[in-house]
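As structure tokens, the structure follows; a few thoughts come after it.
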2 protein chains.
Amino acid sequence: MRSADPPKARAVAEVGLGLRDRKKLEAAATLAQVAKRLFAARGFAEVTVDEIAAAANVSRRTFFRYFPQKEDVFFGRRAAQLAELEALLDAPDREEAPFATVRRALLSLADLHVESRGEILTEHRVLAGSPELLARDLEWDRRVLDILAVVLGRGGGDPRRARLAAAAIVGVLRVVIERWVDSGGRTDLRAEGDEALMLLAPMAPPRGRRGRRSFDVGHSGLKPGAARPT
Amino acid sequence: MRSADPPKARAVAEVGLGLRDRKKLEAAATLAQVAKRLFAARGFAEVTVDEIAAAANVSRRTFFRYFPQKEDVFFGRRAAQLAELEALLDAPDREEAPFATVRRALLSLADLHVESRGEILTEHRVLAGSPELLARDLEWDRRVLDILAVVLGRGGGDPRRARLAAAAIVGVLRVVIERWVDSGGRTDLRAEGDEALMLLAPMAPPRGRRGRRSFDVGHSGLKPGAARPT
DNA sequence: TAACATTTGACACCGAGTGTCATCATGCTA
DNA sequence: TAGCATGATGACACTCGGTGTCAAATGTTA
């Protein structure tokens, strides 16, 4: 969505796929792209699915085949972001303290945010203008929370405490991002994020002498050994 | 909402009101009551507004006059809860440290939760079964965050730090409540809440030597002097 | 009781979301 | 290369949430 390709807006790797699948990717990409442009211009609620579909030259029904809900066309990035996070957290260095792993991963994520500043800022502008999107957006934080809780629990400390720390981290980072967005991306996201994180460092479960328990990670839906980039 | 009256489910003070307004209160109460019963039985999404309206002997259109959105009939409590919180935070003792005020208020709120255990547990069960409600529910946390941020900022410390602390508190408490709900209300909500809070005590802004600044409270929508029970 | 104000219900309409089915393009195979 | 199986598409119809409009019913006040 940054580089302008000669023919069309090309998605990711369209190679090694049949024409059928390439078309599918392109259709989805076009829909998302068109939709975001419309949302940015007039707000999420003011844009109808019919319009998006028409602008992308597909039928309304087809739109819903690609995006089960209108909101999904907006939150396309999220799934990828989660995957990125999990990849970053898949600590190569198993000796590293869990909190350090989390810190490193989140700061990298901050860098990625800054890299796509433009996109993310407009995204948040749309978000801010739409309560329903805002609400859905908060749900992603829960997903992040689950992931972080698992990682923080790796140390073997009290998993409940790990989850508390994860919750605090997620909450605090949202505020930092919020501030970054409000400043138009001018504040130093990485620095402020790190500052906030270090405030929470003492919350991480102290080196665990409860190593035996690997159960009760709470609401997690993540397998302890999962998370490889693919 | 606590005492059971002989004739109907009576709302609050129905005295000193004309017949018109009494009917209005009763209609709203009936709708909410009927709706909650249906939601609890079959889930939020499976119950249609028509059903609720029919069960309450009003037209569909009338339902929407009382509750602009279907979701609103579910979140009736929330507004009251926020008011309670603000009342609790309206510290009588201005010498008390902001964090202590927050702690006191939140623990009182925990007690209230425990008092209405039954209601709240079923409420959360419905919530858990409905992504849209869950999403909306998270928005209330933001409101709480705003309120707490203001109070924590009273001490005169860095208001940004106050907001960070508020975010951490809200995030952490949601986890505690989540655990309480999952346990069927058997864990000690107050104790676990306090434990979690004390973990965050060091986050509260250190005694402020920046007393001059009263601006930049961030996303708050709360007037510093507001919050009296009414 | 008469005049006024407000609430209600009926109707019509829009947009999101879903099931169904005929049609058409793709990809594989003879 | 012809043909067939598979799967994507578009058209249609329908449900449900949500809203505007207006006439009828109900409450309030003089």
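A note on names: the letters A, B, ... follow the listed sequences, proteins ahead of strands, and every chain is numbered from 1. Since this is a predicted model, take the numbers as computed values, not measurements.
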Protein-nucleotide distance (B:Asp72, atom CG; D:dG18, atom C1'), rounded to Å
12 Å

Is the shortest distance from a Lys or Arg side-chain nitrogen in A:Glu192 or B:Arg160 to a carboxylate oxygen in the other one below 4.0 Å?
yes

Quick one: is D:dG10 close enough that its OP1 or OP2 comes under 4.0 Å of any side-chain N or O from A:Thr62?
yes

Give the rounded distance in Å between these two atoms: CZ of B:Phe64 and P of C:dT8.
15 Å

Ignoring backbone atoms, establish whether A:Lys23 has a side-chain N or O less than 4.0 Å from OP1 or OP2 of C:dA25.
no

When the distance from CZ of A:Arg61 to P of C:dC21 is rounded to whole Å, what number comes out?
13 Å

A:Lys70 side-chain N/O to C:dG17 phosphate OP1/OP2 under 4.0 Å
no

Test item: A:Asp72 side-chain N/O and A:Gln69 main-chain N/O as donor-acceptor pair under 3.5 Å:
yes

Which nucleotide in the list C:dA16, C:dT8, D:dT9 gets nearest to the side chain of B:Tyr66?
C:dT8

B:Glu46 CD to D:dG17 P: how many Å, rounded?
11 Å

Using a strict cut-off of less than 4.0 Å between a Lys/Arg side-chain nitrogen and an Asp/Glu carboxylate oxygen, indicate whether B:Glu119 and B:Arg77 qualify as a salt bridge.
yes

Mapping A:Thr48 and B:Ser59 onto DNA chain C by nearest heavy atom, which one lands closer to the 5' end?
B:Ser59

Selected nucleotide, minimal atom distance to B:Lys24 side chain, candidates D:dG18, C:dT7, D:dA8:
C:dT7

Euclidean distance, atom CG of residue A:Asp21 to atom C1' of D:dT6 [Å, nearest integer]
12 Å

Are B:Arg174 and B:Asp137 ion-paired here, with the side-chain N under 4.0 Å from a carboxylate O?
yes

Is B:Glu26 salt-bridged to B:Lys23, cutoff N-O under 4.0 Å?
no

Please determine whether a side-chain nitrogen or oxygen atom of B:Gln69 lies at a distance below 4.0 Å from atom OP1 or OP2 of D:dG17.
no

Over how many whole Å does the gap from B:Arg65 atom CZ to D:dT21 atom P extend?
13 Å

Check the distance between D:dT15's C1' and A:Arg60's CZ and give it to me in whole angstrom.
12 Å

Nearest whole Å is fine: how far is D:dG17 P from B:Phe67 CZ?
15 Å

